[in-house]
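Scroll down for the structure; my scribbles are underneath it.
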Amino acid sequence: MADGAAPVLDVRGLKTVFRTRGGEVHAVNSVSFHLNPGELLGVVGESGSGKSVTMMSLIGLLPSPPAEVREGEVLLSGRDILKISADELRDLRGAKVGFVFQDPMTSLNPVFTVGNQIMEPLIRHMGMSKSQAERRAAELLALVGIPDAAKRLKAYPHQFSGGMRQRVMIAIALACDPDVLIADEPTTALDVTIQAQIIELVKELRRKLGMAIVWITHDLGVIAGIADRVMVMYAGQVVEQAPVAELFANPRHPYTRALLKTIPSLTGERESRLQVIEGQPPIMSGAPTACPFRARCAHAFDRCGTENPQRRALDRRPVGYGHDVACHWDAPAMVGGAHA
Amino acid sequence: MLTFTLRRLLVAIPTLLFISLVIFLLVDLAPGSPLSDIPLTVPPDVRQRMIEALGADQPVFVRYVLWLRQFFWVEPAYLLDGWFGTNLANGEQRILSWQARSPVFTIIGERIPQTLIVIGTAYLVGVLIALPIGIYSAYRQYSAFDQFGTLFAMIGFSVPTFFSGTLFIIIFAVWLGWFPTKYDTQLEVTDWASFVEQLRQMALPVMTLGLANAAVISRYMRSSMLDNMTQDYVRTARAKGMTERTVVLKHVLRNSMIPVVTVIALGIPSIFGGAIITENLFGVNGIGAALIGAIHASDLPMVQTLAFIFAVLIVTFNLIADILYGLLDPRIRYD
Amino acid sequence: MLDARRNALIQVRDLKMYFPIHSGLLRRHTGDVKAVDGVSFDIMEGETLGLVGESGCGKSTVGRAMLRLYEPTAGNVIINGVDVATLGAGALRKARPQMQMVFQDPQASLNPRMTLADIIGEPLNEHTDWDNAKRLARIHELMDAVGLNRRFANRFPHEFSGGQRQRIGIARALALKPKFIVCDEPIAALDVSIQAQVVNLLEDLQDQFGLTYLFISHDLSMVRHIADRVAVMYLGRIAELSPRDDLYARPLHPYAEALLSAVPEPDPTLARRKSRIILKGDVPSPANPPKGCNFCTRCPRVFDRCLTDKPALQEVEPGRFVACHLYSNTQTAGPTRGTEAKEHNQQGVSQ
Amino acid sequence: MKLKSALLGAVCVFAFAPAAFAERGADGELKLTFPQAVSIMTPYLSGGTKDIYAASMVLEPLAGLDPQGVLVPKLAAEIPTLENGGISADLTTITWKLQPGLLWSDGTPVTADDAVFTAAYCMDPAGGCAQATKYEGVASVEAVDATTIKVTFTGPKPNPYTAFVGALAPILQKAQFANCLGAAAPTCTDANNMPIGTGPFMVTGFTVNDTVSLTANPNYRDPAKPAFATAVIKGGGDAEGSARAVMETGEFDYAWNTQIPPDSQTAMTAAGKGQFVVAFGTLVERVEMNTTNPSPDLPEGERSTAKHPHPILSDIKVRTALSKAIDRSILVEVGYGAGGKPTCNVIPGPDAWASDNTGCLTQDMPGAMALLDEAGWKDSDGDGIRDKDGKKLSILYQTTVNPIRQDFQALIKDWWTELGVEVELKAIDPGVFFGGDPGSPDTFQKFYADVEMYANNSDNPDPETYLGQYQCKNAPTPENGWQGENINRFCDPAYDALHAELTKTTDIAARQEIAKKLNDMVTKDSMTVIPLVHRGTLSAHSLTLGGVAINAWDSELWNVADWFRVK
Amino acid sequence: MTDATPQATVKPEKPAGSGRAIWQQFRSHKGAVFGLAVLTFLVLAVLIGPYLWQPEKLSVAQAMKVRNQPPSWQFPLGTDQLGRDMLVRMMQAGKVSLAVGFVAMIIAITVGTLIGVLAGYFRRLDGPLMRMTDMFLALPLIPLLLVMVMLFRDRIASVMGPELGAFTLIVFAIGITSWMQAARIVRGEVLALKEREYVLAARSIGVAPRRIILRHILPNVVSPVMVAATLGVAEAIITESVLSFLGLGFPPDFPTWGRLLFDGLQYMQLYPERVIWPGLAISLTVLSVNYIGDGLRDALDPRIRGR
């Protein structure tokens, strides 16, 4: 954790709303986080918690309308990219920031060859000629572990298996050697054995290329194995943030704790009954005036219904750099970790 | 792909034979006589003689079989003779139009060029107008442009060509005097002046038909674009930093074109079929005008032949549309 | 392979489900997609059998073929003494109430144009001639059982969250008081916090009504929680069928072992220590499976015989069935034997 | 009427303007448009007026008729008559002399053999000749010498000017058509489409049902004619479009058959580019009364036959009442304007042949009502429809699909409804109505209706054949396959006897008297035919086209050789 | 559980599928509301209009004096070439045209949906039925109609009277020659729908194919059918005008909008209102039906309705 270096990505108070017929939905609510060079930040949350929307909105990938980024700063290498024009933003996408999406089956354009799709950003951002781009594309395919890369450039996405397609997506994301790679549930649609392959690949690429990664997932298991730091999101807000070991060993937010308990273990003691979080996540219509988790929270008290808790640091480091939590309840430290 | 094509071809043969029988019987059973034009003073026995001279006195199935032979053997033989100077046909009788007493295929051959030029251009113009309208309507869904496009398409659907054509004649030919109302089929394009003349005389029929075609195709284009705009790969393209132009005109368009191209291919037989009313209105005298003329004159051989050619074209272009789909969409595997 | 301890409610014998491939000019039958290729197992009354495997391994097809949603190519499915694989249409309809299914996608498995009451009431319409009041009473009863508010009876599926939709699907399956329910990936499309709710519900209902489950899933940790015994499928065949604890503690089949090792460990300290078996490559196409063992193309412990012979599923330890040549040279292979074989082969691959 | 006199004036000026100063081919291109396209260039294989008119620019008969219906020599040197000995005293032969030095457009001489061949061509029973009536009664045609043609009839022929006379019976070139006799006739596509002729033009290009291109015949007998070097006939579209192309856009010089509503005629004339011209022949729009019962309740085979007289229309009082209720001048005003005039005759012209029958011209509603009352048809149940013996006075009135006819139907229905007659209308596709298909219930011969409306005319100024239609023997019946021209099944022995007398009478004045009597017998005496409108053909020509002399008795293009460009 | 627990007395919510909810969703679609208003206006005009607007019947002589009048207080839409009140004729014509349009559309959609569902659901019927559809597409329409009219007109007329007979025949003829598009669309949808899990669920319950089709498949092909239907109305109205033009339509004193439009063509230059009224009526019908179709499609879909 290179705290001394300036973060490549620094997001401050990001707020995104969706305008629907039923009113505004506050999908991202004052989210702040940073990403250090070479760091892997895991973002955990259930569907609808705003983790994807956060990442999409900071780089202008949300369809507008209905989405609108309302407030905040997004500093990419120190430059506020919410203030630049759509054209300038386009120059950054794919060049400084690479994306890998969840479903490799639909994320590749079915009618163009894989080579064509890898070469596109190379030609656009790096100003390569076609033949240069082709050479580089072959290198990239080889890099992500696709055998016979030069030949496979001419193949269409449907001729690849799911895992291979996700490798292609990674090759596209890495094509221009980005500072930041945003991986949005990159293994969710894959089988476990393939997921394991992809995770290994990302670890290896990280070693080789050293980019910073934001890894969005709902699978705490994946995070545990790969992330340096974890951010837990609920209802469009960051509820807890900590280095990975710290979070798993000493979760402080009731939601994080519940989440960790719901996962049946493969190795530990088999519970006779699964822990559940009762109820449903709320839909965030209107700016929150209370803690969004209070309805499902076992520790909720009066204040939770009147005041939306702010993130507060649990150690000496400032919010975002150590362990912080957004909860009114002062949780006792857990002894022996989540699985105790 | 090849076996798929061959298979479809094999299936097409019985289909076509069946269609030919139905067409033959339908046209044959329909009332009307080629002799309705003859003055009423001509006595009945003379009429009877004339009907016999037309060859209409044989039993219907004998005529069907003879007609099939004509259609599939004699006429192709004449075609080959015409190309290679062979003598396959051996002077056999050809299918004669009752109305004009000349071989049906010669007449059709004379008419195909103007039909293809005028109706084909109209189709092309329709497609060329429709695609940008459809694309932009989808890109800016629910915008004023899109609403206008919907209105335009609805008007295109609901206004018959005999109405819009007459309207154009009155505006552009009578009031403004820009274009002629009668298409000169004898005009040969040899120089710039005659080319301009050709363009002028094509203007009205092309406008009339082009608008009708554009209305339909623009709707298809729009809905196909809308289907594809929300696909994940579009987000991928944007995430790669591609310009909106590339995203829409390369990624979305290419995928959207797959169903639209097949729709366009399926519409091509109608080019050969001519546009009955438009051709008639502007004196283009193509296949469509021939068909309506033959129907009015009860010219059975002509109607049967045209109807069957049309059926062949529909079956063929159905096949072509299927194949195109496969060619355009790399995901399709036919075997 | 009969377990004498309890009564086998379900007996599946050599179930095959081939989807024919027609190709060529004359559409001749040129091959088959062998989605399920000779699967046999029993499910005891009141038991939950977990069926795990990766996508395309044929686990869902087994479930559907057992309920005659597909016409099986060959084999027997004896449920409660009746071979449903060969029943005629009328008899099958009568047999339907005792076997039901819960589907994967709670969104897709509910007709968007029917209300909740219509959906839950449909089986009753089909198999009873109750009047409206009686049917409605039963619908309410079922809604209570799966924890749905009675007030919602006239709502449409899209008005519910994913977990609630899955409850609707479960209520529908329960309507006719079945003995046996195939749960076809019932939690795959749900969020983590909701998955637990549904699994708990399924367990409660099993206790309450004495249900027998075939629980199809790719989520090994959830299967560990719910299943009594677990069958691991690979490419249309069962690789290993073992009691749950045995399997998770000590998988015998190399594929089962690799599969378990690939599951991420939600504990950073353990996760970092854990050594993983990373399988190379992809699953072969079921239209063209390898000649020998189906797993031979990816198996880290492959040897010559694997390339030529298909291993049969054999009981290598009491209650443990494995289809692997590593264990097939003996009928009475004990745990020691298996361990030896494993070590031997590890040397074999490390070269 | 003002328009018409202006038109006539124009015709006079142009028709007789000296065109001798003109030079062949000096006036460039003549552009004609026909609403129906030309499908063939010989009149012998087509009944279509469009084809006959187009062919008349190329093929010529021995003699034609001028706008007054007077014979004028074409290829003949003079018109044979009893006086000049061209017609034998017993009326069985007529001998024609060709003009000297006539050449076909290919440069070969025209001989009597060509005429002999032409007769043989059309009289071959296997050929399906459309103009066979022109050669009816011809026993033989022989070439006396190279320029003399002698036609012998099977009996005395008071009107021998049928064969080789008029646009319907031109001379074909033997050399070109020699192989096209009988069954081979339709297969001679080249000859049929591009016949070699003696007319002012010759065909250079022919596209079936589309365009005929012509060029001046270098061997035409008058070296100064035609004034136009080329001509083109463009076919297709409708009357409206053709009229517009001449009258409004000026794209064409001449449009044949521009039958459009009177209002539109006036409006188009106002554009000042062209004018309409009308020719009155014998075409009469009429209502035919069915004298037999068309009821569908009768067994097939007895419907509309003489076995069952019409239950309503058999009464002359009803027929007369129906005629009296019609205001013919309104019909003309609505439908034809200058192109028609009210008439009470089936033979409305030429004047010498037309009866002075004007009794029907004024509408007489009270008279019509009185007649129906007299006949016992009274509205006894107060529903507005007359009845008698429990039977309603109800009429099915059919005609072809045609906007003007539908207007007529609407008007006549209004008048008859006013009388207390219930009227049901029906419009049938003309191809079916006139098609003569015995299998179709909708032909005008079957007459499965109470009254029907259509137009018919005599193609010869002498109406002998035409009047012969109403003889008893010509009634269509199931036995003769519904073929027959006596559409209303009129049957009066006195009529048949009088017609027989006509065929024997040679004196022209006497013939005219008999014809008038026959005309009156079917119209005012029996009211079996109710003539409505004497229709002319309406054509349009550009103001820059001179020499047009519209002709109802022959091709409208009969004098196309004399047409010229007004400068 | 069968005894009266307190919960059993809880009243269920009003069904969201009730007319009110559908109407509310429909109302939120501006185009649909506009379409409904226009169509209601047209329907009322042709149904009630003739009772409200009953000008004095003119004799022929009187009518001759008012031929081709422009719109005025006496003749709100002017008169035609025979001095007939155009408003009266438009109302008469509208009744027929609207009836032809809707009934023919319903026939075409019914036949098309039936064939499409059968072909899509039953694999064995797919080939033959789709070949038949291709064949109908390839058949020449005009001779087909000619033959049908010739064979059946008199027989139907003798049973039903000339006007109703002609109506039945025309509507049937148009319907039977325009179902093919609907059949193709429906087949495609059914092929996709029958693989949906809720259809599997129904089969696992033992629901018979007939009921699966009625309950699970048909309601879900409503959207594409609706689109085909709206176009069908326009096509039927226009086909009727072509039929009338060929003499195969209604008796000549029986106006329809298509026919009025066609008749008015030759007066277009002199009296443009003669084509404007029927043209406008047809276009408005098509436009409004189309928008109503859009709105209905949304309103009938509970997923969209809830949004």
Side-chain angles (χ1 to χ4, degrees), chain A residues 44-49 147 160-164 187 189-197 199-200 218-227 230 243-249 255 258-268 270-281 296 337-339, chain C residues 52-57 147 160-164 189-201 203-204 218-226 234 244-245 248-249 255 258-274 276-285 298:
Chain A
V44 187
E46 292 176 88
S47 47
S49 63
F160 288 79
S161 67
M164 287 294 166
T187 58
L190 303 175
D191 279 316
V192 257
T193 58
I194 308 297
Q195 169 173 291
Q197 290 175 356
I199 289 175
E200 282 310 303
H218 63 263
D219 189 338
L220 285 165
V222 172
I223 286 296
I226 196 170
V230 187
V244 64
E246 166 81 7
L247 186 97
F248 278 86
Y255 176 67
L259 207 54
L260 283 167
K261 277 187 192 150
T262 53
I263 305 166
S265 169
L266 203 56
T267 47
R270 182 179 164 269
E271 315 83 350
S272 64
R273 197 167 167 79
L274 290 175
Q275 296 283 331
V276 282
I277 313 175
E278 290 299 343
Q280 306 287 332
R296 306 173 78 184
H339 292 290
Chain C
V52 297
E54 293 176 285
S55 48
C57 70
F160 293 94
S161 69
Q164 287 171 314
L190 303 176
D191 265 321
V192 207
S193 69
I194 311 298
Q195 283 182 355
Q197 296 176 6
V198 171
V199 168
N200 281 348
L201 174 67
E203 285 184 327
D204 292 347
H218 64 264
D219 186 336
L220 289 155
S221 45
M222 209 51 104
V223 168
R224 176 176 181 236
H225 176 80
I226 194 169
Y234 186 79
R244 175 228 313 148
D245 292 336
Y248 283 82
Y255 174 65
L259 195 62
L260 283 172
S261 94
V263 177
E265 173 56 55
D267 183 331
T269 39
L270 288 178
R272 258 142 244 236
R273 280 206 304 268
K274 186 173 170 182
R276 288 179 157 195
I277 302 169
I278 305 289
L279 292 176
K280 297 270 177 280
D282 290 313
V283 186
S285 157
R298 298 169 83 196

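Sequence lines set the chain letters: A, B, ... in the order given, protein chains first and strands last, and positions in each chain run from 1.
- The contact between A:Gln195 and chain C is made entirely by side chain atoms (from C-beta outward), counting heavy-atom distances below 4.5 Å.
- In this structure the side chain of C:Asp282 reaches within 4.5 angstrom of the side chain of A:Met164, judged on heavy atoms.
- The residue among A:Ala258, A:Gly48, A:Pro147, A:Ser47 with the most heavy atom pairs within less than 4.5 Å of chain C is A:Ser47.
- Here A:Leu247 contributes atom CG and A:Leu220 contributes atom CG; the two are 8.0 Å apart, rounded to the nearest 0.5 Å.
- With contacts defined as side-chain heavy-atom distances shorter than 4.5 Å, the pair A:Val276/A:Lys261 does not qualify.
- Taking the ring-ring contact (aromatic ring centres under 6.0 Å, His included) definition, one finds that A:Phe160 meets it with nothing, sequence neighbours left out.
- Checking side-chain atoms of A:Asp191 against main-chain N and O of C:Ser55 turns up a donor-acceptor pair under 3.5 Å.
- Only the side chain of C:Val199 comes within contact range of chain A, judged by heavy atoms closer than 4.5 Å.
- For C:Ile277, no part lies near chain A; criterion is any non-hydrogen pair under 4.5 Å.
- Most heavy-atom pairs under 4.5 Å with chain A, from the set C:Glu203, C:Met222, C:Arg244: that is C:Arg244.
- Contact annotation for A:Glu200: only side-chain heavy atoms (C-beta onward) come within less than 4.5 Å of a heavy atom of chain C.
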Practice prompt. Would you please test C:Leu279 and C:Tyr255 for side-chain contact (heavy atoms from CB on, under 4.5 Å) and show each step?
Written response: CA-CA 9 Å; C:Leu279 292 176; C:Tyr255 174 65; 4.2 Å; yes
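- Within the 4.5 angstrom heavy-atom criterion, only backbone atoms of A:Ile226 (N, CA, C, O) approach chain C.
- With a threshold of 4.5 angstrom between heavy atoms, C:Ile278 approaches chain A through side-chain atoms but not through N, CA, C or O.
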